[in-house]
K.L.:
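The structure under discussion is supplied below as structure tokens; questions concerning it will follow.
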Protein chains: 2
Amino acid sequence: MSTAHGARARARIEVTAAIKDEARRQLAADGAARLSLRAVARELGMVSSALYRYFPSRDDLLTALIIDAYDSLGETAEAAHEAAAGSGPLHRWIAVCEAVRRWALGHPHEYALIYGSPVPGYTAPDTTVPAAARVGLLLIGIVRDAYRGLGLARPPLPADLRPEAERMAADLAPDLPPETVTVLIAAWAQLYGLVGFELFGQFNRVVEDREAFFRHAVGQLAHGVGLVYPQKG
Amino acid sequence: MSTAHGARARARIEVTAAIKDEARRQLAADGAARLSLRAVARELGMVSSALYRYFPSRDDLLTALIIDAYDSLGETAEAAHEAAAGSGPLHRWIAVCEAVRRWALGHPHEYALIYGSPVPGYTAPDTTVPAAARVGLLLIGIVRDAYRGLGLARPPLPADLRPEAERMAADLAPDLPPETVTVLIAAWAQLYGLVGFELFGQFNRVVEDREAFFRHAVGQLAHGVGLVYPQKG
DNA sequence: CACAAACGAGAGCACTGCTCTTGCTTGAGA
DNA sequence: TCTCAAGCAAGAGCAGTGCTCTCGTTTGTG
């Protein structure tokens, strides 16, 4: 079915890829709201209605771009993590966070598409879940390594949050203490607060040396998760 | 010029307000991208071209709504702060953060308009700055009170960030130590990371008891700023 | 009282997402 | 090998958008 069952199937794959490529170009240039099916078709020398053979609607095309963006970000973050493989958890944590920031600055519209306000009336289908989880899994892995290595400081957990914390830990990282999982999730969200504020102009006239500011902030984030004093690395 | 110089001027103010009201209604219902000048005009019984006498473009109308949204959020936060006036800084900090979260949940599209991805091709004019600063000023004020009361723990500051930290402190809160101002700005951004992740669905299937989670997270945020052990309040 | 400025209405331009119909092409089963 | 349905591109068309321009009318001021 899907595997090169003929010239036709191969052509379909190629055209689909060409559409996505051109759409990604337009997304990077002008943003999601200005992505136009007609303009994509025009650029590809086809008529707009032909494009609907490949993507049933504009939203479906956007969904494909969303998954690609998550994957691109995930790959970048994983590459940065591997490049820092020899270092201690804190250094790896910072490396991943900085990779996220750099990717966001380099792909502002893609970042806005996946972490900014979702396109109105549009809710991401479950298809995007695995791609979206990659950075989070990376952060969990770093903390897990640190935890196995020498344990972590466990920030206190209020009583009313304990059941939820245990549920989240069971879901995401059964081998980590609930206290850690809770602050880890918060740090994950806060990382994107830092990136988003810089990217969307909230730091204009406030923060100038954003690189140094960011590094310090994500270091503090790691501190909050208990990730300090890696094995002297 | 601007003050009720006649029936005409008054009518202009009323029509302008009516346009904004209807636009705000549509924004709340369908989001910024679906806000249509023609639909607003239609609902108001006027023709679309007449609307351009009041707002030169769709972006100008959006800018007006952005300022209103900032003000609405600012008022809500300030009201929550006053309601907690008797309490200690930590309690007031949490009260303000929770007010921000509640406002965001109650006004998702307005929140997305001001803190989500900015409308492509659109950059907010300086007009919005004072309205946008209100929540930040509130947080600074809380920390200032705490600092005057009994001082704060000062998280260490890396050497490469010191000049920037001193510059930021001089700009925003000359009476606070640079270390505090730096983590305060980071906490400010991180607050919006937490809110945005909940609002934009990133916590789906991850965090269930979001109220308790949020309270704990902003408590940790306050802890990072040095805001613990208020005067027993 | 006159006259310019402000205003509402309408037509029109260029664009959008999407649907439907009309033919042509391709590839798999009889 | 031939047939015939499925896949496909093209074009016309619908309803909607932001925005501009023109044309009378109203209004307030010098």
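Each chain gets a letter, A, B and so on, in the order its sequence line appears, and its residues count up from 1.
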K.L.:
From CD of A/Glu14 over to P of D/dC8, roughly how many Å is that when rounded to an integer?
P.N.:
13 Å
K.L.:
Using a 4.5 Å cut-off on heavy atoms from C-beta on, say whether the side chain of A/Trp93 contacts that of A/Val225.
P.N.:
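In contact.
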K.L.:
Less than 3.5 Å apart, which donor and acceptor atoms pair up between the side chains of residues 135-144 of chain A and the rest of the protein, not counting sequence neighbours?
P.N.:
residue: A/Arg144; atom: NE; partner: A/Asp175; partner atom: OD1; Å: 3.3
residue: A/Arg144; atom: NE; partner: A/Asp175; partner atom: OD2; Å: 2.6

K.L.:
Treating primed atoms plus P, OP1 and OP2 as sugar-phosphate and everything else as base, which nucleotides of nucleotides 2-18 of chain C get B, S or - for protein heavy atoms under 4.0 Å?
P.N.:
----BBBBB-B---BBB
K.L.:
Given side chains that start at C-beta, do those of A/Asp30 and A/Leu35 come closer than 4.5 Å, heavy atoms only?
P.N.:
no
K.L.:
Between D/dA9 atom C1' and A/Ile19 atom CD1, what is the distance in whole Å?
P.N.:
12 Å
K.L.:
Got a salt bridge between B/Asp171 and B/Arg167, using NZ or NE/NH1/NH2 to carboxylate O under 4.0 Å?
P.N.:
yes
K.L.:
Any luck finding a side-chain donor-acceptor pair between A/Asp60 and A/Thr63 under 3.5 Å?
P.N.:
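The answer is no; no qualifying pair exists.
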K.L.:
Looking only at atom types and distance, does a side-chain atom of A/Glu164 sit under 3.5 Å from a main-chain N or O of B/Glu208, one as donor and one as acceptor?
P.N.:
yes
K.L.:
Return one dot-bracket line describing DNA chain D 5' to 3' (Watson-Crick or G-U wobble pairs, both distances under 3.5 Å; ( ) same strand, [ ] crossing, | another strand, . none).
P.N.:
||||||||||||||||||||||||||||||
K.L.:
In terms of ring plane angle, is the pair A/Trp188 and A/Tyr192 parallel, tilted or perpendicular, where the classes change at 30° and 60°?
P.N.:
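Perpendicular: the ring planes of A/Trp188 and A/Tyr192 meet at over 60°.
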K.L.:
Do A/Glu98 and A/Arg101 meet the salt-bridge criterion of a basic N to acidic O distance under 4.0 Å?
P.N.:
no
